[in-house]
Protein chains: 2
Amino acid sequence: MPDEINAEVIVVDDDPSVQRALNRLLMTNGFARRIFGSAKEFLSDDKPSPAAGCLVLDVEMPGLDGLELQAELQKRGFRLPIVFITGHGTVPISVEAMKQGALDFLQKPFDSRSLLDVIRKAIEQSRQRSSEERECRDLELKFLTLSTREREVFRLIVKGLLNKQIAFELGIVEKTVKVHRARVMEKMQANSLAELIRMAETLRLPPCSSAIFASPTRAGRNQI
Amino acid sequence: MPDEINAEVIVVDDDPSVQRALNRLLMTNGFARRIFGSAKEFLSDDKPSPAAGCLVLDVEMPGLDGLELQAELQKRGFRLPIVFITGHGTVPISVEAMKQGALDFLQKPFDSRSLLDVIRKAIEQSRQRSSEERECRDLELKFLTLSTREREVFRLIVKGLLNKQIAFELGIVEKTVKVHRARVMEKMQANSLAELIRMAETLRLPPCSSAIFASPTRAGRNQI
DNA sequence: TCCCCCATTGGACCAAGGTCCAATTGCCTT
DNA sequence: AAGGCAATTGGACCTTGGTCCAATGGGGGA
C-alpha cells in the first residue's frame with residue numbers, strides 16, 4: 001500500500017546500522033527514500049529534491065551536524081519539513097531545532113510507530129506547502145508577462161483607484177488606462193476584479209510595495 | 001526607562017526565591033509584572049489580561065504544571081506568548097512545549113540577559129498580534145451591523161459576481177442589489193471594491209464559507 | 001397601536017468600466 | 001533598414017455601477 005506516492009523521505013545519518021534500520025522501516029511502509037551518510041554527501045547530491053517529502057536528520061554527525069545542515073538548507077531555500085533524531089540530545093539543542101522550524105525532535109530510543117507518524121505528518125505538510133507554492137509561482141509567471149506600464153496600472157487598481165485617478169497618477173489619458181487594465185485582466189487570467197485583488201494579495205504586492213514592481217530593463221520584451 | 005509601556009510580564013513559579021529574583025530583575029528593567037505561585041492562582045485571577053505582554057512559566061509546579069497550564073490557556077483562547085523556565089527539563093518536554101507554540105524554553109541556570117531578551121521579543125510579538133486582532137475585531141463589529149441580505153450580497157460581491165448575477169442568484173431585481181451593495185460599502189466603511197475584498201479576506205470569509213454568514217434570528221435589529 | 005427598520009422595487013441619470021476598430025510613436029531585435 | 005511590440009490615444013457604443021428621490025409591505029419593539 002504505497003500511501004505516500006510522489007513523496008520521498010530523505011535520511012541523513014552517519015551510523016550504518018541506523019541507515020539500515022531506517023531503510024528497512026521506510027521500505028516496508030511503502031516510502032520512497034534516499035539515504036545519505038553525511039550532510040556533505042546530501043548537499044552535493046544533484047538529483048532534484050522531491051516536491052513532497054521530508055528530511056530525517058541525525059543531530060550528531062561528523063562534519064556539518066544536523067542543526068548546521070538545517071541552517072544551511074534554510075539559507076538555500078530548501079523547504080522540506082525536518083524531523084530530527086538523536087542519541088544524545090540536550091534541551092538547548094532541541095529547543096534551537098524547534099525554533100528553527102523543525103517539525104519534531106525524537107530521542108532514541110523511539111518506537112518506529114512514532115517516527116512513522118511524524119513522517120506522515122511531515123509529508124502531508126510538505127504537500128500542502130508545495131501546492132501553495134506552485135499556485136504562487138503560477139501567479140508570478142503570469143505577473144512576469146505584464147509590461148512595466150501594466151504593472152503600474154495593476155498596482156493602482158489594487159490600491160482601489162478609479163481609472164480616471166490612475167490616469168492622472170500616471171500622467172496619461174483615461175482611455176489608455178482602460179487598455180492596460182483590460183490587458184492586465186487578460187494576462188493575469190482574472191475573471192473579476194475580486195479575483196485580481198486576491199491575486200495581488202497572494203503575490204504579496206499589497207497597495208504599497210513598489211519594490212516588486214522592478215521592471216524589465218525597459219518596457220517590453222518580457223513575455224516569458 | 002520604562003521601555004515596555006502597557007506590557008505586562010506574568011510570572012508563574014512556585015519557588016519563592018525565583019519569584020523574588022524575577023520580580024527584582026523585571027522591576028529594575030522597567031517591566032510591569034504580576035507574579036503567581038501556582039497555575040490555579042493565576043487562572044483564578046480576575047484582573048483582565050493585558051493587551052500586550054508575555055508569560056514566564058515554570059515547568060515543574062505542584063498542581064497544574066507549566067505545560068498543562070499552557071494547554072489550558074490555549075483552550076481558553078488566551079493568547080500571550082509563553083516562555084518556559086525549568087530546573088530539570090527534558091528533551092521531550094521542551095519539544096512538546098515548543099510544538100505547542102512556546103516562544104522559548106530556558107534551562108536554569110540562565111543569565112538574566114537571555115531571559116530579558118526573550119521577554120522583549122515576546123512582548124513585541126504580542127503587540128503585533130494584538131494589533132492584528134484588534135483590527136480584525138473592528139472589522140467583525142462592522143460586519144455585524146450588516147443585515148442578513150446585506151451579508152449575502154457581500155458574499156456574492158466578493159465572489160466576483162456582477163450585480164445582475166447576484167440578483168438572479170438571490171431571486172431579486174438588480175436594482176435591489178445595488179441598494180444592498182451601497183449599504184454594504186457604507187457600513188463596512190470601504191472606500192473601494194478593492195478594500196472591501198481585502199476586508200473579506202481579513203474576515204476569512206473567502207468566496208465559499210457560508211457558515212460565518214449565520215444571521216441574526218431574523219433580519220434586522222442588528223445594529224451594534 | 002404606532003414607529004422604525006429591513007427588504008423590496010421603480011425611474012431617472014450620471015459616472016465608470018469594457019469592447020471594437022484604428023492609428024501613431026519609439027525602442028529593440030533581426 | 002525592417003519588423004515587432006510596448007505605449008499611447010481617439011471615437012463610438014454598450015454594459016455596469018452608483019446615486020437621488022420616492023414608495024410599499026411586514027415584523028418587532030416601545
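The model shown is predicted, which means the values in this text are computed figures rather than measured ones. Throughout, protein chains are lettered first and strands after them, A, B, ... in sequence-line order, and every chain is numbered starting at 1.
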Whole-Å distance between [N] [atom2] and [X] [atom1]?
| X | N | atom1 | atom2 | value |
| --- | --- | --- | --- | --- |
| B:Lys178 | D:dT19 | NZ | P | 10 Å |
| B:His180 | D:dG17 | NE2 | C1' | 16 Å |
| B:Arg181 | D:dT19 | CZ | C1' | 14 Å |
| B:Glu186 | C:dC5 | CD | P | 13 Å |
| A:Lys187 | D:dC5 | NZ | C1' | 10 Å |
| A:Ile166 | C:dG17 | CD1 | C1' | 11 Å |
| B:Met185 | D:dT16 | CE | P | 19 Å |
| A:Lys175 | C:dA22 | NZ | C1' | 10 Å |

On DNA chain D, check which nucleotide each of A:Gly171 and B:Glu174 is closest to and give me the residue with the more 5' one.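 Nearer the 5' end of the strand: A:Gly171.
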Selection from D:dT19, D:dA7, C:dT19 that lies nearest to any side-chain heavy atom of A:Thr148: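 When the side chain of A:Thr148 is considered, D:dA7 is the closest of D:dT19, D:dA7, C:dT19.
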Choose from D:dT8, C:dA7, D:dA7 the nucleotide whose nearest atom is closest to any side-chain atom of A:Ile172.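 It is D:dT8.
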Given DNA chain C, 5'-ward residue of the pair A:Val179 and A:Lys164, judged by closest heavy atom: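 Here A:Lys164 is the residue nearer the 5' end.
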Would B:Gln128 and B:Glu124 count as having a side-chain donor-acceptor pair, cut-off 3.5 Å?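 Their side chains do not contain a donor-acceptor pair, so the 3.5 Å distance test is not met.
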Is a donor from one side chain sitting under 3.5 angstrom from an acceptor on the other, for A:Glu150 and A:Ser147?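 The answer is yes; a qualifying pair exists.
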Would you tell me if any nitrogen or oxygen in the side chain of [X] comes within less than 4.0 Å of OP1 or OP2 on [N]?
| X | N | value |
| --- | --- | --- |
| B:Thr176 | C:dT9 | yes |
| B:Arg149 | C:dC6 | no |
| B:Asn163 | D:dG17 | yes |

Hey, are B:Lys121 and B:Asp117 close enough for a salt bridge, meaning a charged N less than 4.0 Å from a carboxylate O?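 Not counted as a salt bridge, because no side-chain N and carboxylate O are separated by less than 4.0 Å.
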Electrostatic pair B:Lys75:B:Glu72 at N-O distance under 4.0 angstrom: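 Salt bridge present between B:Lys75 and B:Glu72.
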Check: A:Thr145 main-chain N/O paired with A:Lys187 side-chain donor or acceptor under 3.5 Å: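 Looks like yes, one N/O pair under 3.5 Å.
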